[in-house]
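Presented below is the structure to which this report refers.
Counting convention: from 1, in listed order, for ligands and their atoms alike. Keep in mind it's a predicted model, so treat the numbers as computed, not measured.
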Amino acid sequence: MTNSENRLTKNDRPSPINKEIIIDDEAVLISITDPEGYILEVNDVFVETSGYSEKELIGAAHNVIRHPDMPKVLFKIVWEHIKDRENVMALVKNLAKDGRYYWILTDFITKVDAKREIVSYTAYRRPVCKEVQDAIAPLYKALCAIEAVADMDASEKFLLDYLENKGMTYDEMVEDIIIKHCKKAAALGFGGNLADDFKTMSTEKKQSFFNKLFRIK
Ligand SMILES: Cc1cc2nc3c(=O)[nH]c(=O)nc-3n(C[C@H](O)[C@H](O)[C@H](O)COP(=O)(O)O)c2cc1C
(Lines give C-alpha, C1' and ligand atoms only; values in the text may rest on other atoms or scores of the structure.)
Protein backbone atom coordinates (compact mmCIF):
# COMPACT_ATOMS: atom_id res chain seq x y z
CA MET A 1 0.00 0.00 0.00
CA THR A 2 1.21 3.48 -0.81
CA ASN A 3 1.31 5.64 2.27
CA SER A 4 2.32 9.08 1.13
CA GLU A 5 1.81 12.02 3.47
CA ASN A 6 0.79 14.11 0.47
CA ARG A 7 -1.93 11.82 -0.78
CA LEU A 8 -5.24 13.29 -1.91
CA THR A 9 -8.12 13.10 0.51
CA LYS A 10 -11.79 13.98 0.33
CA ASN A 11 -10.84 17.47 1.59
CA ASP A 12 -9.23 18.06 -1.82
CA ARG A 13 -12.53 17.53 -3.63
CA PRO A 14 -13.54 20.43 -5.90
CA SER A 15 -16.94 22.16 -5.89
CA PRO A 16 -19.19 20.44 -8.40
CA ILE A 17 -20.28 22.22 -11.57
CA ASN A 18 -23.29 21.10 -13.54
CA LYS A 19 -21.34 19.97 -16.59
CA GLU A 20 -21.05 16.42 -17.82
CA ILE A 21 -17.90 14.75 -19.11
CA ILE A 22 -18.81 12.77 -22.19
CA ILE A 23 -16.92 9.50 -22.15
CA ASP A 24 -16.27 7.42 -25.25
CA ASP A 25 -18.94 4.74 -25.45
CA GLU A 26 -16.34 1.98 -25.72
CA ALA A 27 -14.24 3.16 -22.79
CA VAL A 28 -13.71 1.02 -19.70
CA LEU A 29 -12.44 2.95 -16.67
CA ILE A 30 -10.56 0.69 -14.29
CA SER A 31 -9.19 1.21 -10.80
CA ILE A 32 -7.78 -1.25 -8.31
CA THR A 33 -7.64 -0.59 -4.57
CA ASP A 34 -6.14 -2.25 -1.53
CA PRO A 35 -8.55 -3.75 1.04
CA GLU A 36 -9.02 -0.30 2.67
CA GLY A 37 -10.00 1.43 -0.56
CA TYR A 38 -6.73 3.22 -1.31
CA ILE A 39 -5.98 3.30 -5.02
CA LEU A 40 -3.23 0.96 -6.21
CA GLU A 41 -3.67 1.08 -9.98
CA VAL A 42 -5.64 3.00 -12.57
CA ASN A 43 -5.89 2.73 -16.34
CA ASP A 44 -5.34 5.63 -18.75
CA VAL A 45 -9.03 6.33 -19.38
CA PHE A 46 -9.71 6.49 -15.66
CA VAL A 47 -6.85 8.98 -15.22
CA GLU A 48 -7.91 11.10 -18.19
CA THR A 49 -11.57 11.23 -17.10
CA SER A 50 -10.80 12.04 -13.48
CA GLY A 51 -8.63 15.03 -14.40
CA TYR A 52 -6.06 14.00 -11.78
CA SER A 53 -2.62 12.71 -12.70
CA GLU A 54 -1.79 9.06 -12.12
CA LYS A 55 0.69 10.21 -9.50
CA GLU A 56 -2.04 12.09 -7.62
CA LEU A 57 -4.41 9.12 -7.77
CA ILE A 58 -2.09 6.33 -6.64
CA GLY A 59 -2.30 6.11 -2.88
CA ALA A 60 -5.36 8.38 -2.67
CA ALA A 61 -8.53 7.22 -0.92
CA HIS A 62 -11.10 6.37 -3.58
CA ASN A 63 -13.60 8.81 -2.10
CA VAL A 64 -11.58 11.65 -3.65
CA ILE A 65 -13.85 11.32 -6.72
CA ARG A 66 -17.08 10.95 -4.76
CA HIS A 67 -19.81 13.26 -6.02
CA PRO A 68 -22.06 14.88 -3.37
CA ASP A 69 -25.10 13.68 -5.37
CA MET A 70 -24.15 10.11 -4.42
CA PRO A 71 -25.95 8.88 -1.29
CA LYS A 72 -23.76 7.43 1.45
CA VAL A 73 -25.96 4.36 1.74
CA LEU A 74 -25.02 3.31 -1.79
CA PHE A 75 -21.40 2.91 -0.80
CA LYS A 76 -22.47 1.11 2.35
CA ILE A 77 -24.15 -1.48 0.12
CA VAL A 78 -21.10 -1.71 -2.15
CA TRP A 79 -18.69 -2.21 0.76
CA GLU A 80 -20.95 -4.80 2.46
CA HIS A 81 -20.92 -6.86 -0.74
CA ILE A 82 -17.26 -6.62 -1.60
CA LYS A 83 -16.10 -7.24 1.97
CA ASP A 84 -18.26 -10.39 1.86
CA ARG A 85 -16.38 -11.27 -1.37
CA GLU A 86 -19.52 -10.80 -3.45
CA ASN A 87 -19.29 -8.85 -6.68
CA VAL A 88 -21.77 -6.01 -7.02
CA MET A 89 -22.86 -3.58 -9.67
CA ALA A 90 -23.72 0.04 -9.00
CA LEU A 91 -24.73 3.13 -10.92
CA VAL A 92 -22.34 5.87 -9.80
CA LYS A 93 -21.99 9.60 -10.46
CA ASN A 94 -18.37 10.69 -10.05
CA LEU A 95 -16.71 14.05 -9.60
CA ALA A 96 -13.73 15.08 -11.73
CA LYS A 97 -10.96 17.40 -10.63
CA ASP A 98 -12.47 20.33 -12.53
CA GLY A 99 -15.87 19.83 -10.84
CA ARG A 100 -17.57 18.18 -13.83
CA TYR A 101 -19.43 14.89 -13.39
CA TYR A 102 -19.71 11.56 -15.22
CA TRP A 103 -22.08 8.65 -14.73
CA ILE A 104 -20.90 5.09 -14.99
CA LEU A 105 -22.11 1.55 -14.42
CA THR A 106 -19.54 0.05 -12.10
CA ASP A 107 -18.79 -3.61 -11.57
CA PHE A 108 -16.95 -4.11 -8.25
CA ILE A 109 -14.95 -7.31 -8.02
CA THR A 110 -13.13 -8.72 -4.99
CA LYS A 111 -9.84 -10.57 -5.48
CA VAL A 112 -8.95 -13.12 -2.79
CA ASP A 113 -5.87 -15.25 -2.16
CA ALA A 114 -5.72 -19.00 -1.58
CA LYS A 115 -6.86 -18.50 2.03
CA ARG A 116 -9.82 -16.37 0.89
CA GLU A 117 -8.16 -13.28 2.36
CA ILE A 118 -8.98 -10.13 0.43
CA VAL A 119 -6.05 -9.00 -1.71
CA SER A 120 -7.63 -6.12 -3.63
CA TYR A 121 -10.78 -4.76 -5.19
CA THR A 122 -11.20 -3.90 -8.87
CA ALA A 123 -13.81 -1.59 -10.36
CA TYR A 124 -14.69 -1.78 -14.07
CA ARG A 125 -16.76 1.17 -15.26
CA ARG A 126 -18.73 1.78 -18.43
CA PRO A 127 -20.39 5.09 -19.31
CA VAL A 128 -24.19 5.07 -19.29
CA CYS A 129 -26.59 7.06 -21.46
CA LYS A 130 -28.83 9.92 -20.29
CA GLU A 131 -31.87 7.62 -20.07
CA VAL A 132 -30.10 5.40 -17.52
CA GLN A 133 -28.95 8.45 -15.54
CA ASP A 134 -32.50 9.81 -15.49
CA ALA A 135 -33.86 6.47 -14.31
CA ILE A 136 -31.63 6.33 -11.20
CA ALA A 137 -31.04 10.01 -10.30
CA PRO A 138 -34.44 10.67 -8.58
CA LEU A 139 -33.87 7.80 -6.14
CA TYR A 140 -30.36 9.04 -5.29
CA LYS A 141 -31.74 12.58 -4.87
CA ALA A 142 -34.34 11.32 -2.39
CA LEU A 143 -31.69 9.37 -0.45
CA CYS A 144 -29.34 12.38 -0.31
CA ALA A 145 -32.21 14.57 0.90
CA ILE A 146 -32.84 12.12 3.74
CA GLU A 147 -29.13 11.97 4.59
CA ALA A 148 -29.01 15.79 4.72
CA VAL A 149 -31.51 15.88 7.58
CA ALA A 150 -31.24 12.44 9.19
CA ASP A 151 -28.73 9.63 9.56
CA MET A 152 -27.83 6.85 7.16
CA ASP A 153 -30.15 4.40 8.94
CA ALA A 154 -33.05 6.54 7.71
CA SER A 155 -31.87 6.53 4.09
CA GLU A 156 -31.14 2.81 4.30
CA LYS A 157 -34.68 2.16 5.53
CA PHE A 158 -36.09 4.26 2.69
CA LEU A 159 -33.98 2.36 0.15
CA LEU A 160 -34.88 -1.06 1.54
CA ASP A 161 -38.61 -0.17 1.53
CA TYR A 162 -38.28 1.15 -2.02
CA LEU A 163 -36.58 -2.06 -3.18
CA GLU A 164 -39.06 -4.25 -1.30
CA ASN A 165 -41.91 -2.49 -3.10
CA LYS A 166 -40.20 -3.27 -6.38
CA GLY A 167 -39.51 -6.84 -5.27
CA MET A 168 -35.84 -6.45 -6.19
CA THR A 169 -32.40 -6.24 -4.65
CA TYR A 170 -30.27 -3.19 -5.50
CA ASP A 171 -28.35 -5.29 -8.08
CA GLU A 172 -31.55 -6.46 -9.71
CA MET A 173 -32.82 -2.89 -9.91
CA VAL A 174 -29.59 -1.82 -11.64
CA GLU A 175 -29.91 -4.72 -14.09
CA ASP A 176 -33.53 -3.78 -14.73
CA ILE A 177 -32.63 -0.15 -15.45
CA ILE A 178 -29.82 -1.19 -17.81
CA ILE A 179 -32.01 -3.62 -19.68
CA LYS A 180 -34.85 -1.12 -20.03
CA HIS A 181 -32.89 2.05 -20.76
CA CYS A 182 -29.40 1.23 -22.04
CA LYS A 183 -29.23 1.52 -25.81
CA LYS A 184 -26.03 -0.49 -25.78
CA ALA A 185 -27.77 -3.40 -24.04
CA ALA A 186 -30.46 -3.43 -26.70
CA ALA A 187 -27.75 -3.64 -29.36
CA LEU A 188 -26.31 -6.78 -27.77
CA GLY A 189 -29.10 -8.89 -29.22
CA PHE A 190 -30.77 -10.80 -26.43
CA GLY A 191 -34.10 -10.79 -28.25
CA GLY A 192 -36.95 -8.36 -28.73
CA ASN A 193 -38.01 -7.77 -25.16
CA LEU A 194 -34.82 -7.65 -23.15
CA ALA A 195 -36.50 -6.94 -19.84
CA ASP A 196 -38.65 -10.08 -20.07
CA ASP A 197 -35.79 -12.18 -21.50
CA PHE A 198 -33.61 -11.15 -18.62
CA LYS A 199 -36.05 -12.44 -16.00
CA THR A 200 -35.81 -15.96 -17.40
CA MET A 201 -32.14 -15.85 -18.36
CA SER A 202 -29.70 -18.21 -16.66
CA THR A 203 -27.04 -16.69 -14.39
CA GLU A 204 -24.38 -17.76 -16.90
CA LYS A 205 -26.10 -16.00 -19.74
CA LYS A 206 -26.60 -12.89 -17.60
CA GLN A 207 -22.90 -12.97 -16.79
CA SER A 208 -22.02 -13.13 -20.44
CA PHE A 209 -24.41 -10.24 -21.11
CA PHE A 210 -22.64 -8.05 -18.58
CA ASN A 211 -19.23 -9.24 -19.72
CA LYS A 212 -20.14 -8.11 -23.21
CA LEU A 213 -21.40 -4.82 -21.85
CA PHE A 214 -18.15 -4.36 -19.97
CA ARG A 215 -16.06 -5.84 -22.80
CA ILE A 216 -14.30 -8.04 -20.25
CA LYS A 217 -12.31 -10.73 -21.98
C1 LIG B 1 -12.45 -0.72 -6.18
C2 LIG B 1 -13.23 0.46 -5.65
C3 LIG B 1 -13.65 1.45 -6.52
C4 LIG B 1 -14.38 2.54 -6.07
N5 LIG B 1 -14.78 3.46 -6.97
C6 LIG B 1 -15.46 4.55 -6.54
C7 LIG B 1 -15.86 5.56 -7.46
O8 LIG B 1 -15.65 5.45 -8.66
N9 LIG B 1 -16.51 6.63 -6.94
C10 LIG B 1 -16.77 6.78 -5.62
O11 LIG B 1 -17.36 7.81 -5.23
N12 LIG B 1 -16.43 5.82 -4.73
C13 LIG B 1 -15.79 4.72 -5.16
N14 LIG B 1 -15.44 3.73 -4.26
C15 LIG B 1 -15.97 3.84 -2.89
C16 LIG B 1 -15.10 4.68 -1.99
O17 LIG B 1 -14.11 3.85 -1.41
C18 LIG B 1 -15.95 5.31 -0.85
O19 LIG B 1 -16.59 4.29 -0.12
C20 LIG B 1 -17.02 6.28 -1.37
O21 LIG B 1 -16.47 7.22 -2.25
C22 LIG B 1 -17.72 7.02 -0.22
O23 LIG B 1 -16.78 7.62 0.57
P24 LIG B 1 -17.09 8.42 1.90
O25 LIG B 1 -18.23 7.73 2.58
O26 LIG B 1 -15.83 8.38 2.66
O27 LIG B 1 -17.45 9.80 1.45
C28 LIG B 1 -14.71 2.65 -4.69
C29 LIG B 1 -14.28 1.64 -3.81
C30 LIG B 1 -13.57 0.56 -4.27
C31 LIG B 1 -13.14 -0.51 -3.32
| Sub-4.0 Å atoms of ligand 1 with respect to non-hydrogen atoms of A123 | 1 (C), 3 (C)
| request: Kindly state each residue pair satisfying salt bridge (charged side-chain N to carboxylate O under 4.0 Å, His left out) with at least one member in residues 131-142, sequence neighbours excluded. | output: K130-D134, E131-K183
| Ring centre gap for Y121 and W79 strictly below 6.0 Å | yes
| query | Where the closest heavy atom to atom 11 (O) of ligand 1 is concerned, which of H67, K93, M70, R66 has it? | reply | R66
| Just wondering, more than 12 heavy atoms not from D44 lying within 6.0 Å of its CG? | no
| Selected option - heavy-atom contact closest to atom 21 (O) of ligand 1, from L95, N63, I104, I65 | N63
| task | For atom 16 (C) of ligand 1, state which one of R125, M152, H62 supplies the nearest heavy atom. | result | H62
| said: Which option wins on minimum heavy-atom distance to atom 2 (C) of ligand 1: T33, D34, V73, I30? | reply: T33
| Nearest protein heavy atom to atom 19 (O) of ligand 1, by residue and atom, and its distance? | W79 NE1, 2.8 Å
| Of all pairs that satisfy side-chain hydrogen bond (donor to acceptor under 3.5 Å, both in side chains), the ones with a partner from residues 158-168, not counting sequence neighbours | K157-D161
| request: Heavy-atom contacts with I82 under 4.0 Å: which atoms of ligand 1 show up? List them by number with element. | output: 31 (C)
| query | Nearest to atom 20 (C) of ligand 1 by heavy atom, Y124, F46, Y121, F75: which? | reply | F75
| message | Please say yes or no: joined through hydrophobic side-chain contacts below 4.5 Å, possibly via intermediate residues, are V73 and F158 part of one cluster? | response | yes
| said: Closer than 4.0 angstrom, basic N to acidic O: yes or no for R100 and E20? | reply: no
| remark: the protein heavy atom lying closest to atom 8 (O) of ligand 1 turns out to be N94 ND2, 2.9 Å
| query | If you measure only the distance, is there a donor-acceptor pair under 3.5 Å linking the side chains of T49 and R125? | reply | no
